[in-house]
Number of protein chains: 2
Amino acid sequence: MNIAFEKQTGLDAHQEDRARAVRDELRDAIVDRRLAPGTKLSEAEVGTLFDVSRTVVRGALQMLAFEGLIHSERNKGAFVANPSPEEARQIFDSRRLIERGVIAAAAERMTADDFASLRQHLKEEERLRNDRGTRARREEIKASGDFHLMLADMAGNAILRKFMNELIARSSLVIALYGRTGISSCGRDEHADIINALEARDVEKANALMMHHIAHIEADLDLRSAETLSLREALQL
Amino acid sequence: MNIAFEKQTGLDAHQEDRARAVRDELRDAIVDRRLAPGTKLSEAEVGTLFDVSRTVVRGALQMLAFEGLIHSERNKGAFVANPSPEEARQIFDSRRLIERGVIAAAAERMTADDFASLRQHLKEEERLRNDRGTRARREEIKASGDFHLMLADMAGNAILRKFMNELIARSSLVIALYGRTGISSCGRDEHADIINALEARDVEKANALMMHHIAHIEADLDLRSAETLSLREALQL
DNA sequence: CGTTTCAATATTGTACGCAATCTAGCCACT
DNA sequence: AGTGGCTAGATTGCGTACAATATTGAAACG
């Protein structure tokens, strides 16, 4: 476990809820794959790295377990989730369902400001796409997910927003695991097209575009490696 | 807090994961309103009642907070959730969305056994509906929710199932808070109609029936009392 | 008499220690 | 040499003590 942040980030910024801070750091590390699936997250080790007690670490791990990002077994410990192809399918099926609802709700509520901030975000995505290096790739994955989360925000339903948060995080993990080209599939201006359709208040079209978008992401996955993964799971989990 | 179960139930059955056992007891108590919304759940008090340490209680409370059944504030404590009318709307909007997906997935996977166990469950609901007393009412609410959870099981998507679990629990809370007649709306054989449509593999009809069903439940609520509740919230929260 | 301050009390947040459980490595035995 | 069991080490589960924060009540002041 070669995490190199210690307490550089806002971990000790406000001394509020350190468990949440640790969770956020771990989640980022998992989502952009600095922590490989299957990695054991030892309470003592994590605690040492973040300079907090095991009590705090346990809180953070419990939260991550709820989000499905780690998998913890009693008396065994917590491990970074290693989603099976079947789980991957379920995640994307769920996304199709929920993003449909997000589009429908957002279409009725979005303001000019919303479109402006989405377009601002698009520029950022574009910039990252042209950058090179693994760091840019990681940020690109995160930015791509953030687009969907911004839409969920604009839908104005806190529950759907929470569900999306979980689904996006787990999607990133799946893409990291099974992605062929990384995220180039997310590449072309599909996000922009969705925004345009929404601005035209064409819900049908926005929906169709979103479904295509998700289908593209899923098509970039190589879910055949089922056996390989079951094996890995059997061996190290 | 007049909970009267102590350790009568399967709490100490297996000595595994007592936090989960406490969570389940508390969830039941919240969902069928033995614990009123807004009630403070003191760690020490809960611990004494269940004869476990605060550590275990904290674990249980954290889980309930994730499910949206309690609301905990730092250095203040945990309180049984007191959903606002707006939250109630969001919960039912989310249910409409997700149950649509459940119906679609279940329709393609359900077996004869599934229909049999659903019909078995219907009989149980029917029996409870004819019983009198608050205990029967509570069990009726739970059974009514279980119907939806059984369908979610049959959809074969663990993620949707988890979402439904949360939504059903929160719905029960909302119904308890805002329900006019209790659950008579859920009464007529709407569940049975849905099963019949599913068995005929008529997804469209099943969906329409489910949407009507949810609309009926929602129509039985009195969400006007917005001010009253904000006040209550302001006073006791 | 109302308001404000402050101290006493209660409650939550966190660290730590011990017990229970799992893991790994070694030795004996076939 | 391979297999099985056993012991030593490591890790998690949980209780408890102490620190940090909020709440309550009374007393002092305007």
Side-chain angles (χ1 to χ4, degrees), chain A residues 1 3 6-7 10-26 35 38-66 69-81 232-237, chain B residues 1 3 6-7 10-26 35 38-66 69-81 232-237:
Chain A
M1 193 188 305
I3 311 174
E6 304 290 340
K7 53 166 61 180
L11 197 155
D12 51 1
H14 316 79
Q15 57 202 28
E16 50 160 322
D17 228 339
R18 301 189 284 171
R20 197 157 303 184
V22 171
R23 175 201 63 180
D24 290 343
E25 293 287 342
L26 284 178
L35 285 170
T39 305
K40 171 157 189 173
L41 299 174
S42 150
E43 294 177 358
E45 195 174 358
V46 175
T48 303
L49 283 170
F50 287 101
D51 198 39
V52 295
S53 79
R54 281 179 50 217
T55 306
V56 174
V57 175
R58 283 176 79 82
L61 293 180
Q62 195 181 348
M63 292 192 249
L64 290 170
F66 271 115
L69 287 182
I70 73 176
H71 159 73
S72 66
E73 271 174 300
R74 184 180 177 85
N75 287 329
K76 290 276 219 59
F79 304 82
V80 177
R232 268 180 72 177
E233 233 169 5
L235 290 177
Q236 72 187 358
L237 214 70
Chain B
M1 193 187 301
I3 309 175
E6 304 289 339
K7 50 167 65 180
L11 197 155
D12 51 0
H14 315 81
Q15 57 202 28
E16 51 160 321
D17 229 338
R18 300 188 282 169
R20 197 156 303 185
V22 171
R23 175 201 63 179
D24 291 342
E25 293 288 340
L26 284 177
L35 285 170
T39 305
K40 171 158 188 172
L41 299 174
S42 151
E43 295 178 357
E45 194 173 357
V46 174
T48 304
L49 283 171
F50 287 101
D51 197 38
V52 295
S53 80
R54 280 179 51 218
T55 306
V56 175
V57 175
R58 283 175 78 80
L61 293 180
Q62 195 181 349
M63 292 192 251
L64 290 171
F66 267 112
L69 287 182
I70 72 176
H71 157 75
S72 65
E73 269 174 300
R74 185 181 176 83
N75 287 327
K76 291 277 218 58
F79 304 82
V80 177
R232 266 180 73 177
E233 231 168 6
L235 291 177
Q236 73 189 357
L237 212 70

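Computed from a predicted model, the values in this text were never measured in an experiment. Below, chains carry the letters A, B, ... as their sequence lines are ordered, and counting in each starts from 1.
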Short N/O separations, protein against nucleotides 15-18 of chain D, under 3.5 angstrom:
| residue | atom | partner | partner atom | Å |
| --- | --- | --- | --- | --- |
| D:dG15 | OP1 | B:Arg18 | NH1 | 3.3 |
| D:dG15 | OP1 | B:Arg18 | NH2 | 2.5 |
| D:dG15 | OP2 | B:Ser53 | N | 3.2 |
| D:dG15 | OP2 | B:Ser53 | OG | 2.2 |
| D:dG15 | N7 | B:Thr55 | OG1 | 2.7 |
| D:dT16 | O4 | B:Thr55 | OG1 | 3.4 |

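Every residue was checked against the side-chain hydrogen bond (donor to acceptor under 3.5 Å, both in side chains) condition with A:Asn75, not counting sequence neighbours, and none meets it. The side chain to side chain contact (heavy atoms under 4.5 Å, CB included) search around B:Arg54 returns B:Glu43, B:Arg58, not counting sequence neighbours. The side-chain hydrogen bond (donor to acceptor under 3.5 Å, both in side chains) test applied to B:Gln62 returns no partner, not counting sequence neighbours. Every residue two or more places apart in sequence or in another chain that forms a side chain to side chain contact (heavy atoms under 4.5 Å, CB included) with B:Ala65 is listed here: B:Ile70, B:Ser72.
Atom CG of A:Asn75 and atom C1' of C:dT21 are 5 Å apart (whole Å). Remark: P of C:dA15 and CD of A:Glu43 are 13 Å apart, rounded to the nearest angstrom. Protein atom CZ of B:Arg20 is 14 Å distant from nucleotide atom C1' of D:dG13, rounded to whole Å. Residue B:Glu73 contributes atom CD, which lies 14 Å from atom C1' of C:dT11 at whole-angstrom precision. With rounding to whole Å, B:Arg74 atom CZ is found 18 Å from C:dT11 atom P. Computed from coordinates, the B:Asp17 CG to C:dT21 C1' distance equals 14 Å when rounded to whole Å. Atom pair B:Lys76:NZ and D:dA22:P shows a separation of 8 Å (rounding to whole Å applied). In this structure, B:Arg58 atom CZ and D:dG13 atom P are separated by 16 Å, rounded to whole Å.
The two residues A:Arg23 and A:Ala60 have their closest heavy-atom pair at N-CB, 3.7 Å. In plain terms, the two heavy atoms of B:Ala78 and B:Leu61 that are nearest each other are CB-CD1, 4.1 Å. Between B:Arg74 and A:Asp17, the shortest heavy-atom distance links the atoms NH1-N, 3.0 Å.
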Check step by step if side-chain contact (heavy atoms from CB on, under 4.5 Å) holds for B:Glu45 and B:Leu41.
CA-CA 7 Å; B:Glu45 194 173 357; B:Leu41 299 174; over 6 Å; no
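Within the helix from C:dC1-D:dG30 to C:dT30-D:dA1, the inter-axis angle between the opening and closing five-pair segments is 10°, rounded to 10°.
Atom CD in B:Glu25 sits 14.0 Å away from atom CZ in B:Arg18 (nearest 0.5 Å).
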